[in-house]
Amino acid sequence: MTPVIVWFRRDLRLADNPALSAAAEAGPVCPVYIHDPDADGDWRPGAASRWWRHHALASLDESLRGHGLRLVIRRGPALETLRALVRETGASAVHWNRLYDPAPVARDRTVKQALQADGIAVHSHKAALLHEPWTVKTGQGSDYRAFTPFWRAARRGGEPDAPLPVPELAAPTTLPTGEPLTTLGLLPRIRWDGGLAGRWRPGEAGARERLAHFTRHALGDYGRARDYPGEPGTSGLSPHLHHGGISPRQIWSAVRNADDGHGEAAEAFLAEIGWREFAHHVLFHHPDLPDAPLNPRFAAFPWRADPGDRLLRAWQAGRTGFPIVDAGMHELWATGWMHNRVRMIAGSLLVKNLRLPWQAGERWFWDTLVDADLASNSLGWQWVAGSGADAAPYFRIFNPVRQGERFDPEGDYVARWLPALAALPPRHRHAPWAAPEGVLRDAGVRLGRDYPRPVVDLKASREEALAAFERIKRG
Ligand code: FAD
């Protein structure tokens, strides 16, 4: 039997992998990964994503070896590389799972047409999403801009199909040669990744483990705990979903099979999987979402001049003087992840109080998040900026002190990520500048030395932001 090529991309798993299952039915499998960062256009994977990708590929290779196979790693433009592999193996077909970001969509279209013209069968499959972006439409046939009706329409089709098991895999007589994973240079040259390695286990087994832990220990209280960054209340599945160590269908099925799988908490959690779907659908229909405001009025927004990027750098380094924001930026730097509530607060401070463009925050997250995802990141930033689909109204400006007091009432999260403030009594941890001199002294905190003073005045910057918004609203 002639071999069948499976082109792995962001679906680095054996279970519930429709491309792999279909290929395995058709013949011996040649599993391939092609390193071609140019194919992502302006959005080459950032440093934290590359770190994850390296380890997820290593894990996939190990799993394949357990089935008498190995991952063939090549580098170069996809079409040329696939053509070479077809020549070397005599493969009659290529299978892959679809991606929905603009650059891969365009690339895949070209690759598909060219291979078909060569006489090779090409099969693409749905794996990354529960619903194809072209199938969820309004009555008028357009795409949705608001989440609630989108999710209602998406769910009308009923529950997703059951996930696929790991298929029986047969190896071809010989597999083509590949490059060692290390030559792709995905790992950082300067080793800053200790915190990532301590927190995450990239790959299919790590994803399975995290999902099992979540459904057993956190799902039941998700509706409440998901908003508290100091508690382990969310799943931590976002990087696994992004890199494809797990599929949304597997998550859905595990939730339904859990003890609390049909309650309110489960519905709240599945709605977040829905937000991920929504983000991908919006990006598919609006490919300039990562760069341009969905609401064109925001193109004229008067951002603040920031000579030398002083404010941007303070934000990136977690030195704004607003503890909940700085704690989040430290969590991000140390672990490649930040809690969703803190992403919203930190984003709001950047875009509204510092009045710096959301694209600057988006780029920073792109490089530092292990779950950096073009759809969810762009939608998240445009949500914060008020310019996106179903976005927060611009005039709703998060107050980082009140948000901190509400969602980190004991200041545990702040104390964990900002040890300089850990000795402050909890009620002063969210606004150390307002603490009495004696309290600061007792806690060993000298403002401006151990922890910065606020880089902006919250009230004045809020008013300036609202005035700037008034100008574009009228314009
Ligand atoms: P859980 O609460 O356990 O949610 C389960 C899953 O649902 C997540 O893994 C994720 O896939 C999905 N999800 C949850 N919330 C959202 C959301 N608001 N939008 C889209 N999907 C969601 N998420 C990313 O995956 N990649 C990003 O690059 C990203 N950038 C963001 C930027 C900003 C400014 C904001 C406000 C949000 C961003 N998010 C992003 C969404 C959200 O913060 C993360 O998905 C979530 O924090 C991941 O943690 P979790 O897996 O524990 O989430």
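Since the model is a prediction, treat every value here as computed from it, not as a measurement.
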For His428 and Trp433, run ring pair (Phe, Tyr, Trp, His ring centres under 6.0 Å): C-alpha distance rounded to whole Å, both residues' side-chain angles, the deciding distance at 0.1 Å, then the answer. CA-CA 9 Å; His428 292 297; Trp433 66 88; over 10 Å; no

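- Checked for salt-bridge contact, Glu267 and Arg155 meet the test: a charged N lies under 4.0 Å from a carboxylate O.
- The OG atom of Ser235 lies 9.5 Å from the CG atom of Leu219; values are rounded to the nearest 0.5 Å.
- The aromatic rings of Phe278 and Trp275 stand perpendicular to each other, their planes meeting at an angle above 60°, with 30° marking the opposite boundary.
- Judged by distance alone, with hydrogens and angles left aside, the side-chain atoms of Glu410 form no donor-acceptor pair with the main-chain N or O of Pro426 at under 3.5 Å.
- Test Val342, Thr335, Asp412 against Trp417 for side-chain contact (heavy atoms from CB on, under 4.5 Å) and you get one pass: Thr335.
- Side-chain contact check for Tyr413 and Glu331: at least one donor-acceptor pair (N or O, by modelled atom type) lies under 3.5 Å.
- Interatomic distance, Ser238 OG to Leu369 CG, rounded to the nearest 0.5 Å: 8.0 Å.
- Shown here are the salt bridge (charged side-chain N to carboxylate O under 4.0 Å, His left out) partners of Asp101, two or more places apart in sequence or in another chain: Arg10.
- Arg363 forms a cation-pi arrangement with Trp43, by the criterion of a distance under 6.0 Å to the ring centre and an angle within 45° of the ring axis.
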What verdict does the side chain to side chain donor-acceptor pair (under 3.5 Å) test give for Thr234 and Arg226, after you've listed the backbone C-alpha separation in whole Å, the side-chain angles of each residue and the deciding distance to 0.1 Å? CA-CA 5 Å; Thr234 71; Arg226 63 184 289 266; over 6 Å; no

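- Side-chain N or O atoms of Asp11 include none that pairs as donor or acceptor with a backbone N or O of Gly244 at under 3.5 Å.
- Atom CG of residue Leu79 and atom CG of residue Asp108 lie 11.0 Å apart, to the nearest 0.5 angstrom.
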Apply side chain to side chain donor-acceptor pair (under 3.5 Å) to the pair Gln250 and Arg208, showing each step before the final yes or no. CA-CA 9 Å; Gln250 287 173 298; Arg208 233 185 357 250; over 6 Å; no

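- Arg9 forms a cation-pi arrangement with Trp7, by the criterion of a distance under 6.0 Å to the ring centre and an angle within 45° of the ring axis.
- Checking Arg276, His242, His243 one by one against Asp373, the side-chain hydrogen bond (donor to acceptor under 3.5 Å, both in side chains) holds for a single residue, His242.
- Between the side chain of Gln382 and the main chain of Ala389, no donor-acceptor pair closer than 3.5 Å is present.
- Panel note: side chain Asp408, backbone Val414; a donor-acceptor pair is recorded below 3.5 Å.
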Test side chain to side chain donor-acceptor pair (under 3.5 Å) on Ser387 and Asn295 and set out the steps. CA-CA 5 Å; Ser387 60; Asn295 176 347; over 6 Å; no

Give the intermediate values and the outcome of side chain to side chain contact (heavy atoms under 4.5 Å, CB included) for residues Arg13 and Leu60. CA-CA 6 Å; Arg13 62 178 182 273; Leu60 177 64; 5.7 Å; no

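- Note: His339 and Trp337 have perpendicular aromatic rings, judged against thresholds of 30 and 60 degrees for the angle between ring planes.
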Taking distance alone, no hydrogens or angles, what donor-acceptor pairs closer than 3.5 Å link side-chain atoms of residues 458-468 to residues at least two apart or in another chain?
residue: Ser461; atom: OG; partner: Asn353; partner atom: ND2; Å: 2.9
residue: Ser461; atom: OG; partner: Asp457; partner atom: O; Å: 2.7
residue: Ser461; atom: OG; partner: Leu458; partner atom: O; Å: 3.1

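- Between Arg75 and Tyr33, the side chains place no donor N or O within less than 3.5 Å of an acceptor N or O (distance only, hydrogens not considered).
- For Arg304 (side chain) and Leu354 (main-chain N/O), a donor-acceptor pair under 3.5 Å exists by modelled atom type.
- In this structure a side-chain-to-backbone donor-acceptor pair under 3.5 Å is present from Arg429 to Gly411.
- Between Phe284 and Tyr100, the ring-plane angle classifies as perpendicular under the 30° and 60° cut-offs.
- One finds the CG atom of Asp221 at 4.0 Å from the CZ atom of Arg224 (value rounded to the nearest 0.5 Å).
- By the 30° and 60° cut-offs, the orientation of the rings of His285 relative to His281 is perpendicular.
- Checked by atom type and distance alone, the side chain of Trp383 pairs as donor or acceptor with a backbone atom of Asp390 at under 3.5 Å.
- Taken to the nearest 0.5 Å, the NE2 atom of His55 stands 12.5 Å off from the CZ atom of Arg50.
- Between His95 and His123, the ring planes lie parallel to each other; the angle is under 30°, not in the 30° to 60° tilted range.
- The residues Asp306 and Arg355 are annotated as not salt-bridged, no charged nitrogen and carboxylate oxygen being separated by less than 4.0 angstrom.
- The CZ atom of Arg107 sits 11.0 Å away from atom CG of Asp38, with the distance rounded to the nearest 0.5 Å.
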Please assess Arg341 against Phe398 for the test side chain to side chain contact (heavy atoms under 4.5 Å, CB included), listing each intermediate value before the final yes or no. CA-CA 11 Å; Arg341 167 67 43 189; Phe398 281 116; 3.7 Å; yes

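- Counting non-hydrogen atoms of neighbouring residues, nucleotides and ligands closer than 6.0 angstrom, the CZ atom of Arg402 reaches no more than 12 such neighbours.
- Listed for the Tyr451 side chain is no donor-acceptor partner under 3.5 Å among the backbone atoms of Arg319.
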Side chain to side chain contact (heavy atoms under 4.5 Å, CB included) between Tyr144 and Val282, worked out: CA-CA 8 Å; Tyr144 283 95; Val282 174; over 6 Å; no

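- Electrostatic pairing of Glu132 and Arg98 counts as a salt bridge here, judged by a charged N lying under 4.0 Å from a carboxylate O.
- Each of Val32, Asn17, Ile34, Asn97 was checked for a side-chain contact (heavy atoms from CB on, under 4.5 Å) with Phe8, and the lone residue meeting it is Asn17.
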Using the rule given for side chain to side chain contact (heavy atoms under 4.5 Å, CB included), can you reason through Trp96 versus Val111, listing the C-alpha separation, both sets of side-chain angles and the distance that settles it, and then say yes or no? CA-CA 11 Å; Trp96 67 69; Val111 170; 3.9 Å; yes

Worked check of ring pair (Phe, Tyr, Trp, His ring centres under 6.0 Å) between Phe214 and Phe269: CA-CA 11 Å; Phe214 173 71; Phe269 176 72; 4.6 Å; yes

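- Judged by the 6.0 Å and 45° rule, Lys352 forms a cation-pi pair with Tyr394.
- Side-chain N or O atoms of Arg453 include none that pairs as donor or acceptor with a backbone N or O of Gly321 at under 3.5 Å.
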Step by step, work out the salt bridge (charged side-chain N to carboxylate O under 4.0 Å, His left out) result for Asp371 and Arg343. CA-CA 13 Å; Asp371 66 18; Arg343 292 187 203 204; 2.8 Å; yes

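- Heavy atoms from other residues, nucleotides or ligands lying under 6.0 Å from CZ of Arg396 number 12 at most.
- Atom CH2 of Trp333 sits in a sparse spot, with 12 or fewer heavy atoms from other residues, nucleotides or ligands closer than 6.0 Å.
- Residues Gln359 and Trp381 have side chains that never bring a donor and an acceptor to within less than 3.5 angstrom of each other.
- Side-chain contact check for Trp364 versus Met329: some heavy-atom pair is nearer than 4.5 Å.
- In this structure, the side chain of Asn377 engages the main chain of Glu362 through a donor-acceptor pair within 3.5 Å.
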